[in-house]
Visitor: 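Let me give you the structure first, and then I'll get to my questions.
Positions are given from 1, in the same order as the sequence printed here.
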Amino acid sequence: MSTTVDPGAVTAVPLDGAAGAAARRPPAAEAGRPRWQRVLFVVTLVGAAVIFMLPFVWLVSASLRPREYVFAPGFLPTPFAPGNYAAAWHAVPMLTWLFNSVVVGVAAAATATISSAWVAFGFAYFRFPGRNLLFGLVLATMMLPFAVTMIPTYLIWSKLGLTDTQVPLWAGNLFGSAFYIFLLRQFLLSLPREYFEAARVDGASYPQLFWKMAFPLIRPALLVAFVFEFKASWTDLLKPLIYLRNEQLYTLPRGLKVVLDRFGYGGEQQWEVVLAGSVLATVPMIILFFLAQRHFVEGIATTGRKG
């Protein structure tokens, strides 16, 4: 007599003690790796992290020294002069530039992320003749350097009377970004199409498919695109140099150019003020990354795995 076992009747049994420890062990390939290889891997990562951190550590240390000790060797801020930050803060309208950078960065990141997500959803969901060709043309725009379109774009904004405003710094993102369209499309293609078809049968419109179904499911990828674009806007110097003339409209990179001209080369040679201003412009991006680190890393890993 043969006995058959119903797979559905089998239930998971919690494992305790040695059995549970064995179940939680890493895969055989990881467990079988020699200890010296794991130690070498960790040492290599730590060494690379230290090398990448050294310039910023020196920047912070030098910004905390008096003027005559700014370029002294070593990484310790001796003598200690924290008043450099107060001098940099009061020497220029740093708070205004910081606020402008936040406003422009959020506007640029939000418009690029949402518009790119809309286009990516169209390429991922709809099936129409020439879709792949059109998508290839979108990707081909990535090969055009900014210098090619810089003058025509400036002429357009000049005709619209929007030069010396902050609008050209972010409004171009209303038309999406080829890189973010590609990234979000690959993520959307990994979603089961049956979910959207079932919603269509229930009467959902295309905007509802995007906002109520696709948008929540691709949130990690959207966060990656948002942080990438916010960082790009935060560090952009060329566009503010082209479009902004009023000092009250400057973003931080454009303002740091003023600080460098006034207190650095050809100025008063107050390098401690220049370095303190550079630290003040860098710290907000570090804080943003740490606040969004878990979601940011998850979005990159998920996009790479599903793309």
Visitor: Can you name the side chain to side chain contact (heavy atoms under 4.5 Å, CB included) partners of Ser115, sequence neighbours left out?
Guide: none
Visitor: Just jot down the salt bridge (charged side-chain N to carboxylate O under 4.0 Å, His left out) partners of Glu272, sequence neighbours excluded, or say none.
Guide: Arg67
Visitor: Applying side-chain hydrogen bond (donor to acceptor under 3.5 Å, both in side chains), which residue pairs with at least one partner in residues 232-246 are found, sequence neighbours left out?
Guide: none
Visitor: Please enumerate all residues that pass ring pair (Phe, Tyr, Trp, His ring centres under 6.0 Å) together with Phe75, with sequence neighbours excluded.
Guide: none
Visitor: Which other residues belong to the hydrophobic cluster containing Val103, where Ile, Leu, Val, Met, Phe, Trp and Tyr are joined when side-chain heavy atoms lie under 4.5 Å apart, directly or via other members?
Guide: Phe99
Visitor: State which residues pass salt bridge (charged side-chain N to carboxylate O under 4.0 Å, His left out) with Arg200; sequence neighbours excluded, sorted by chain then number.
Guide: none
Visitor: List the residues meeting side chain to side chain contact (heavy atoms under 4.5 Å, CB included) with Trp89, not counting sequence neighbours, and say none if there are none.
Guide: Met94, Leu95, Leu280
Visitor: For Leu45, what are the other residues in its hydrophobic cluster, where any two members join if their side-chain heavy atoms are less than 4.5 angstrom apart?
Guide: Phe41
Visitor: Filter on side-chain hydrogen bond (donor to acceptor under 3.5 Å, both in side chains), then keep only pairs touching residues 128-142, sequence neighbours left out; what's left?
Guide: none
Visitor: Could you list the residues that satisfy ring pair (Phe, Tyr, Trp, His ring centres under 6.0 Å) with Phe226, not counting sequence neighbours?
Guide: none
Visitor: My understanding is that only residues two or more places apart in sequence, or in another chain, count here; which of them pass side-chain hydrogen bond (donor to acceptor under 3.5 Å, both in side chains) with Lys212?
Guide: none
Visitor: Are the side chains of Leu191 and Phe196 in touch, meaning some heavy atoms are under 4.5 Å apart?
Guide: yes
Visitor: Which residue pairs pass the side-chain hydrogen bond (donor to acceptor under 3.5 Å, both in side chains) test when at least one of the two sits in residues 56-65, sequence neighbours left out?
Guide: Ser61-Arg65, Ser63-Tyr85
